[in-house]
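A quick write-up on the structure given underneath.
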Amino acid sequence: MELEQLEENIYQIPKTGEMNKPARIYANDKLLKEIKNDDTLQQVKNMATLPGLEKFSIVMPDGHQGYGFPIGGVAAVNKENGVISPGGIGYDINCGVRVLKTDLTYEEIKGKEQQLANILYNKVPCGLGKGGYIDVDEDELDEILDKGMEWMLENDHATEEDLKHCEENGRLKCDPNKVPSDAKKRGIKQVGSLGSGNHFLEVQRVENVFNEEKAEAYGLEEEQILVMIHSGSRGLGHQTCTEYLREFEKNYPEIVENLPEKELIYAPLGDDLAQDYKNAMFAAANFAWANRQGITQAVRESLDTLFGDTEAELVYDVCHNIAKEETHEVDGEEKELLVHRKGATRAMPSGRPEVPEAYSEAGQPVLLPGSMGTSSYILSGGQKSLELSFGSTAHGAGRLKSRTQSKKDYRAADVQRELKRDQIFVKAASGETIEEEAPGSYKDIDEVIKVSDELGIGEKVVQMRPIVNVKG
DNA sequence: ATGTTC
C-alpha cells in the first residue's frame, strides 16, 4: 500500500480510486510497524470512501483492526451528504473512561491492597450476567435512556459536581423509544455493572506530574490515589448496534454491494433510519454514563467502608466509542459535522465549548488507560487536535495480540504472580480475562502517549501507576 | 465488546 510520510508521526495514504479524501495514520515507526500487522491500513483507506467525509480519514497511534472501522478510527462527515456508520462507533456504544480523585495517598492504602481489591470486587458487579448496583424498573430505565446522569442526580446516585465533570454533562438529547425492546431487556439489570473483556476498575497512584499547572487545575498531585473506571453500555448497547446493523443491511442492499467491505455499512444522514439509529445510539450513551455513575457509587461506598469517610470526586468522564455532532473549521469555514470516534477520545483544547467550565483554561482532560501492568495517563486536549484530528486523540494502549492469541500465550496464574511482584493486585471473575488482557497483549502505552504529545493533539499532564485492578 | 457462535 502506498504510504507517504508528511512529517514526523504523520503518514498519509493518497486519495485514489473510490476514496473521497486521503487517509491518515498518526504513528511513529514502532507503532506503524505494529499497525501494518493487520488490516488497519486497508480499513482506514476504506473509511476514506465514506460519502461526505471531510479532510481525511484517520487512525490513531493505538489503532488496530476492528469491525468496519479500525479501533482508533476517526471520521468526520458533513451534514449535507454525510452518513452514519455503526461500525464507526462500535458495538459498545459510549464505551468510555472516568477517573475519580480521592483524598487518599499511597501511604494510606499500602498494605491494604488485597482488602481493597476484595471489597471493590464484591461491591461492583463484575463479569457477565452479575446484575447491576442500581435496581431499576422499566419506566426508570426509559428515564435513564432519556436523561442519563440527570436521572442519577434526581435519584440521589450522583451529585451536581458529578454532572459538571462529565462529557455532555452525562446527557445527550435523544428519543429513547428508538432503543430496541430486547436491548432494554438486557440493560435493565445492568445499571452499575462493569462487564467483561477489557473493562476494568483500577486503583492508581499518581506517579509523575508533567504539567504542574494543568495537574492543579484537574486537582491532581503526586502520590494521590485515583480510581479509573472503564466500562460501557453493556448488553444494551451491544443489542442496539446489532439490531441497527441488521436493519441497515436490509434497507440498503445497493450500498452494501458497492462497499469495499460489508462491515462499513452506513445510512445517509437525511434518512429516517439514520436518525433512528442516532437517537438509539445517544440513548445507549446516556445509559453508559448512568452505568459508570452506578459503578462510581459502588466505589465510593467501598472506599468509605475500608477507610472511613473519604472523598472520591469525578475528575472527568469521556467516551471513546461514539459519533458526535460538532462544529469544526474546514478550509477556513465553520461546518456542522458528525464526528465518528471509534476507540478514539475527544481531546478538546481550551476555548472550545465542549470543555467543562472548571477546565476552561487547562483544556479537556483526556483519560487514557494502559494495560493492567503499565501506566495510564491523563492528557489535556491540544490545540493541534482541531487541525489534525477533529479534536481527538488515541484511547489507550491498543491491542497488539488477538484475544485468541493471548489465551495461547499466557497463563492467568503466571500473569497474576508477575504483576503481584510489581505490587499490582489483580482480582478477576475469570482467568481467561486475565490471559486476554495480559500486559503483553497490548502496545506500548508510553509510545502512544509520546505520539499524541509530540503531535500536540493530547498533551501529557500526569502518569499513573496501577495498584489494584478489578475486572470481569 | 457480548445472556461470548441469535
Side-chain angles (χ1 to χ4, degrees), chain A residues 38 43 62-73 85-98 125-132 141 179-201 229-250 263 277 280-281 284-285 287-289 291-292 295 318-323 340-345 369 371-372 395-408 412 428-438 441-442 470-472:
Chain A
D38 58 27
Q43 287 190 320
D62 56 339
H64 56 101
Q65 194 180 328
Y67 183 97
F69 279 43
I71 318 296
S85 175
I89 291 160
Y91 275 88
D92 191 4
I93 296 163
N94 189 0
C95 183
V97 180
R98 67 165 55 187
C126 297
L128 300 172
K130 295 286 160 53
L141 180 68
V179 175
S181 61
D182 280 353
K184 293 188 194 177
K185 268 183 212 156
R186 292 176 68 172
I188 199 162
K189 40 191 189 303
Q190 298 180 322
V191 184
S193 66
L194 198 60
S196 182
N198 65 0
H199 289 167
F200 66 81
L201 167 58
I229 296 164
H230 180 208
S231 187
S233 51
R234 309 283 286 102
L236 184 139
H238 193 274
Q239 189 71 27
T240 300
C241 180
T242 303
E243 295 200 21
Y244 276 95
L245 276 173
R246 205 181 295 151
E247 281 299 302
F248 278 29
E249 282 165 17
K250 207 168 72 186
E263 297 178 349
Y277 168 65
M281 188 257 295
F287 178 86
W289 277 313
N291 181 38
R292 289 197 285 277
I295 296 167
V318 63
C319 43
H320 51 231
N321 277 13
I322 200 160
H340 294 74
R341 294 190 184 92
K342 197 246 197 107
T345 313
S371 75
M372 58 184 160
H395 85 309
R399 285 203 85 85
L400 189 60
K401 293 181 182 184
S402 71
R403 293 188 158 88
T404 323
Q405 188 60 47
S406 298
K407 278 186 275 196
K408 280 183 199 154
S430 118
E432 254 180 48
T433 308
I434 296 181
E435 290 162 3
E436 288 172 6
E437 297 299 312
S441 304
Y442 280 86
V470 171
K471 47 202 296 95

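In what follows, every chain begins at residue 1, and chains take the letters A, B, ... in the order their sequences are listed.
The CG atom of A/Leu245 sits 17 Å away from the P atom of B/dC6 (whole-angstrom rounding). Separating the CG atom of A/Asn94 from the P atom of B/dT2 is a distance of 13 Å, rounded to the nearest angstrom. Rounded to whole Å, the distance from CD on A/Gln239 to P on B/dC6 is 12 Å. For A/Gln190 and B/dT2, the CD to P distance is 8 Å, given to the nearest whole Å. Atoms CD (A/Glu243) and P (B/dT2) sit 17 Å apart, rounded to a whole Å. The CG-P distance, from A/Leu194 to B/dT4, rounds to 18 Å in whole Å. Rounded to an integer number of Å, the gap from CD1 of A/Ile89 to C1' of B/dT2 is 18 Å. In this entry the distance linking CG of A/Asp182 with C1' of B/dC6 reads 10 Å, nearest Å.
Judged by distance alone, with hydrogens and angles left aside, the side-chain atoms of A/His230 form no donor-acceptor pair with the main-chain N or O of A/Phe200 at under 3.5 Å. Formation of a donor-acceptor pair under 3.5 Å by the A/Gln43 side chain with backbone atoms of A/Gly66 is found in this model. No donor-acceptor pair closer than 3.5 Å links the side chain of A/Asn321 to the backbone N or O of A/Gly96.
Residue A/Ser233 is classed as having no contact, given no heavy-atom separation below 4.0 Å to the nucleic acid. Using a 4.0 Å heavy-atom criterion, one finds that A/Arg246 contacts no nucleic acid atom at all. Across all strands, A/Gly232 comes closer than 4.0 Å to no nucleic acid atom at all (heavy-atom distances). Here A/Gly129 lies out of heavy-atom contact (under 4.0 Å) with every strand.
Mapping A/His230 and A/Leu128 onto DNA chain B by nearest heavy atom places A/His230 at the nucleotide closer to the 5' end.
Among residues two or more places apart in sequence or in another chain, the side-chain contact (heavy atoms from CB on, under 4.5 Å) test is passed with A/Ala288 by A/Asn94, A/Ser233, A/Arg292.
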